[in-house]
Amino acid sequence: MLAQMTVMPLPRLPCDSLARIAGLQVDDDDATRLKAMGICVGRQVQLVRAGDPLIVRILGARIGLSARLAEGVSVEPI
Amino acid sequence: MSSTIDDISLTVLSQTDRPATIALVGNPNAGKTSVFNRLTGLRAQTANFPGTTVEHRRGRIELGGQTVTLLDLPGLYTLDAVTPDERVAVDALEGKLSGWSQLDAVLVILDATNLERNLFLASQVLDRKLPTVVALNMIDITEKHNLHFDLEELCERLGCPVVAISARSGRGMDVLSSKLAELLRNQNVPVTPPDLASCSSCSGCQYSARYDWAENVSAATSHGDTSAHGRLTEAIDRILTHKVVGLGCFAAIMVLTFIIIFWMAQYPMDLIDGWFGLASQTVGKWLPAGDFSSLVTDGIIGGVGGMLVFLPQICMLFFMLALLEDSGYLARAAFVMDRLMHRVGLPGKAFVPLLSAHACAIPAIMSARVIEDRRDRLATILVLPLMTCSARLPVYAMVMGLLFPTDPVKASLLFAAAYALGIVTTLVMAWVFKQTLLKGKTRPLVIELPNYRVPSLRNALLLMYDRAMAFVKSVGTTIMMISLIVWALATYPKTPIEEMPTEVQSQIATFQANGETKKIDRLISQVELENSFAGQLGRGVEPVFAPLGFDWKMSVGVISSFAAREVIVATLAVLYGIGEDGAEDGGLLIDRLRNSTHADGRPVFTTATCLSMLVFYVLAMQCLPTQVVTRRETGSWKWPLLQLGYMSVLAYVAALVTYQVAAGMGFA
């Protein structure tokens with residue numbers, strides 16, 4: 001229960017803090033694109049630059065992401 | 001024709017000794033192109049996969065005494081076929097691609113600076129159980145940052161041979177070649193390690209399992225600081241992806257790029273112009289005067305020259321775009337422009353093609369391939385030709401000369417207005433298309449921002465050469481045909497001097513008495529053009545263009561510049577009796593135009609007419625090569641026809657409104 005309380009949309013993550021991806025609530029096509037980039041449940045992600053679009057670091061690479069899409073990515077800070 | 005020949009040779013080859021095929025697979029930015037270029041050099045050709053607009057490159061090379069076809073598949077992140085590129089790559093790996101048989105081997109290119117991410121695709125390819133070699137690319141960069149790899153361990157974990165290479169410096173390429181030759185001989189398929197085999201069978205998220213595997217393999221095989229290389233990139237990105245500063249930097253980089261393109265292209269353009277002028281003169285002297293000479297000099301040499309003169313700009317544009325892309329900057333450009341472009345329903349990636357169209361719509365349409373979504377891409381291609389390309393400049397210059405011969409400030413303001421009209425119309429039309437015909441949500445941005453690196457001149461030159469050849473081949477023959485048709489329309493039927501009006505004949509007699517042969521020639525070509533099919537056509541459509549303030553000569557100009565808009569200047573030069581050479585001397589033509597009058601003595605080129613002509617040429621399609629390239633890129637004639645249709649209607653209506661409003665305000 002407590003763990004679920006801390007789940008938030010990716011854009012709301014404080015800059016530079018690490019989080020684990022908890023879920024994807026996006027279209028199937030977009031989900032495939034996100035997963036191909038490494039944005040998939042269980043991965044560690046870091047918000048590098050907030051805004052729209054925003055930048056995350058995942059799997060050692062930097063990914064630019066539209067904020068609208070990032071809203072559909074829920075994360076759990078660690 | 002050519003496809004039939006290809007088909008025949010393919011069947012013959014497959015019956016006998018078909019050359020083995022090796023496909024290159026890898027993430028975008030993994031250096032796949034560099035590896036391909038290293039292996040093939042200039043012996044590569046670019047073509048579309050049959051029945052698709054997905055492009056690939058292939059080349060024949062010698063490997064261990066055997067001829068091998070190397071096939072460069074599109075860069076991918078996953079084999080989960082979402083985009084056409086991915087579908088083609090999957091089909092190729094499964095041997096389902098028409099025109100291609102089963103692959104004999106796969107070469108997977110991994111970016112050593114980013115192993116973990118690249119291993120994901122590798123794991124999917126290894127699952128296909130094709131003979132595979134893995135090349136660990138950019139090894140020189142990782143070594144510089146003190147990141148080392150345990151190749152034996154990696155080899156063990158992947159279950160196939162692994163070679164460390166640097167495609168940029170050529171290091172390890174000979175080892176790679178021998179490994180590939182060995183692979184073709186022994187046909188060893190990868191031995192899937194048990195931890196990877198469980199990925200595809202596991203009930204949970206297939207991706208998650210593969211990423212876990214990639215993470216483990218990367219951790220077990222690399223020693224050192226994996227993020228060292230990214231720190232410089234991060235520092236640069238703090239500036240270049242900034243919400244405000246990033247946009248400023250983007251504007252500065254683009255302005256600089258275009259200054260370089262225009263500045264560097266002008267020299268070869270002048271040279272080509274000079275050569276073709278000289279060639280046409282020289283050939284004209286050799287051949288006996290007459291139709292054949294005119295066909296060769298005006299029709300063929302003039303037509304080909306008119307097309308090739310834009311080749312330097314096209315080349316420069318591709319060259320600069322290749323450098324920008326290779327450096328990693330284009331991804332940032334798409335990133336910073338994304339939010340702005342979304343307002344008109346286009347993705348950020350559409351911006352660079354839109355900007356490139358200011359030099360020439362053709363390379364711009366070809367570079368629209370970076371846009372993944374088909375609807376977004378089609379909308380971009382449809383509106384691209386509305387941007388002011390360099391072929392419009394001679395027309396703009398003529399109108400400015402007519403309107404503001406002594407006022408450079410007003411002239412430059414109107415010039416800027418013409419550019420702005422093109423840009424605004426482009427954005428509005430993109431929005432309209434995305435709301436109607438190509439309705440759909442713009443794909444939200446997901447883009448890898450690769451590490452910055454020094455771009456490879458060699459790759460950029462090869463790409464430029466490739467694109468330039470594609471342009472010449474696909475457009476050359478069509479342009480040639482059209483130039484010949486336009487030439488024939490403007491040349492036939494001939495008017496013998498005896499049949500010319502009496503006042504023309506008496507004028508000729510006067511010139512003859514004074515020995516002014518040049519004036520006679522000009523007068524004759526003027527009357528001949530008036531009576532030619534093009535002239536008749538122009539007179540025929542005059543009523544259509546009259547509401548725009550165009551007289552019959554301008555109507556002929558519009559018709560004759562259907563295939564290439566800049567031709568109107570030369571046509572008007574001939575029709576106003578100063579000869580084609582006269583068009584070079586802008587001042588003379590403008591004087592003539594300014595003094596020309598309708599039959600009732602009213603001046604033809606009033607302010608209203610000039611503005612209307614300017615608006616018409618800002619918006620009208622009037623470029624056949626662009627249409628041919630649109631057909632090539634969209635795979636159907638439907639889109640170029642739509643392009644022609646909507647732009648012509650737009651140009652006509654806008655010019656009509658301009659003329660009527662300006663005339664109503666007393667500028668007639």
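Proteins get letters first, then strands, A, B, ... in listed order; numbering begins at 1 in each.
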D52(A) CG to R339(B) CZ distance, which is reported to the nearest 0.5 Å = 5.5 Å
Does any donor atom in the side chain of T233(B) or R62(A) lie under 3.5 Å from an acceptor atom in the other side chain?
-> no
Residues K441(B), D27(A): salt bridge by 4.0 Å N-O rule | yes
Could you tell me the separation between the OG1 atom of T32(A) and the OH atom of Y77(B), rounded to the nearest 0.5 Å?
-> 15.0 Å
Please round to the nearest 0.5 Å and tell me the distance separating atom CG of L65(A) and atom CG of L445(B).
-> 7.0 Å
Does K35(A) offer a backbone N or O that forms a donor-acceptor pair with the side chain of Y211(B) under 3.5 Å?
-> yes
Interatomic spacing from OH in Y207(B) to CD1 in I39(A) - rounded to 0.5 Å | 12.5 Å
Working to the nearest 0.5 Å, report the span between CZ of R43(A) and CG of D212(B).
-> 4.5 Å
Turns out that what part of E234(B) lies under 4.5 Å from chain A's heavy atoms comes down to both
Given a strict heavy-atom distance threshold of 4.5 Å, which part of H342(B) is in contact with chain A: side chain, backbone, both, or neither?
-> side chain
So which of R57(A), M37(A), R68(A) has the biggest tally of heavy-atom pairs under 4.5 Å with chain B?
-> M37(A)
Please report the C-alpha distance between R443(B) and R33(A) in whole Å, then the side-chain angles of each, then the deciding distance to 0.1 Å, and finally whether the side chain to side chain contact (heavy atoms under 4.5 Å, CB included) criterion is met.
-> CA-CA 11 Å; R443(B) 276 244 200 143; R33(A) 290 169 73 213; 3.2 Å; yes
Side chain proximity check, T241(B) to I55(A), heavy atoms < 4.5 angstrom | yes
Atom OG in S66(A), atom CZ in F335(B): separation rounded to 0.5 Å?
-> 10.0 Å
Side chain from CB out, backbone as N, CA, C, O: work out which of these in D237(B) comes under 4.5 Å of a heavy atom of chain A, or both, or neither.
-> both
Relative to chain B, which segment of D30(A) carries a heavy atom at a distance below 4.5 Å: side chain, backbone, both, or neither?
-> side chain
With a cut-off of 6.0 Å (strictly less than), are more than 12 heavy atoms of other residues, nucleotides or ligands near CD of E325(B)?
-> no
Which one of G60(A), P53(A), A61(A) has the most heavy-atom pairs closer than 4.5 Å to chain B?
-> P53(A)
Under a 4.5 Å cut-off applied to non-hydrogen side-chain atoms, are R117(B) and I58(A) in contact?
-> yes
Look at T78(B), I447(B), N114(B), D338(B) and state which one has the largest set of heavy-atom pairs under 4.5 Å with chain A.
-> I447(B)
Where on D80(B) is there a heavy atom nearer than 4.5 Å to chain A: the side chain, the backbone, both, or neither?
-> both
Any donor and acceptor pair, going by atom type alone, linking the side chain of S208(B) with main-chain N or O of V41(A) inside 3.5 Å?
-> yes
Let me know if D28(A) has heavy atoms under 4.5 Å from chain B in its side chain, its backbone, both or neither.
-> neither
Option that, when pairs with chain B are counted at under 4.5 Å, heavy atom only, ranks first among A67(A), G64(A), G38(A), G51(A) | G64(A)
For each of E86(B), H242(B), E215(B), tally heavy-atom pairs with chain A at distances under 4.5 Å, and name the one with the top tally.
-> H242(B)
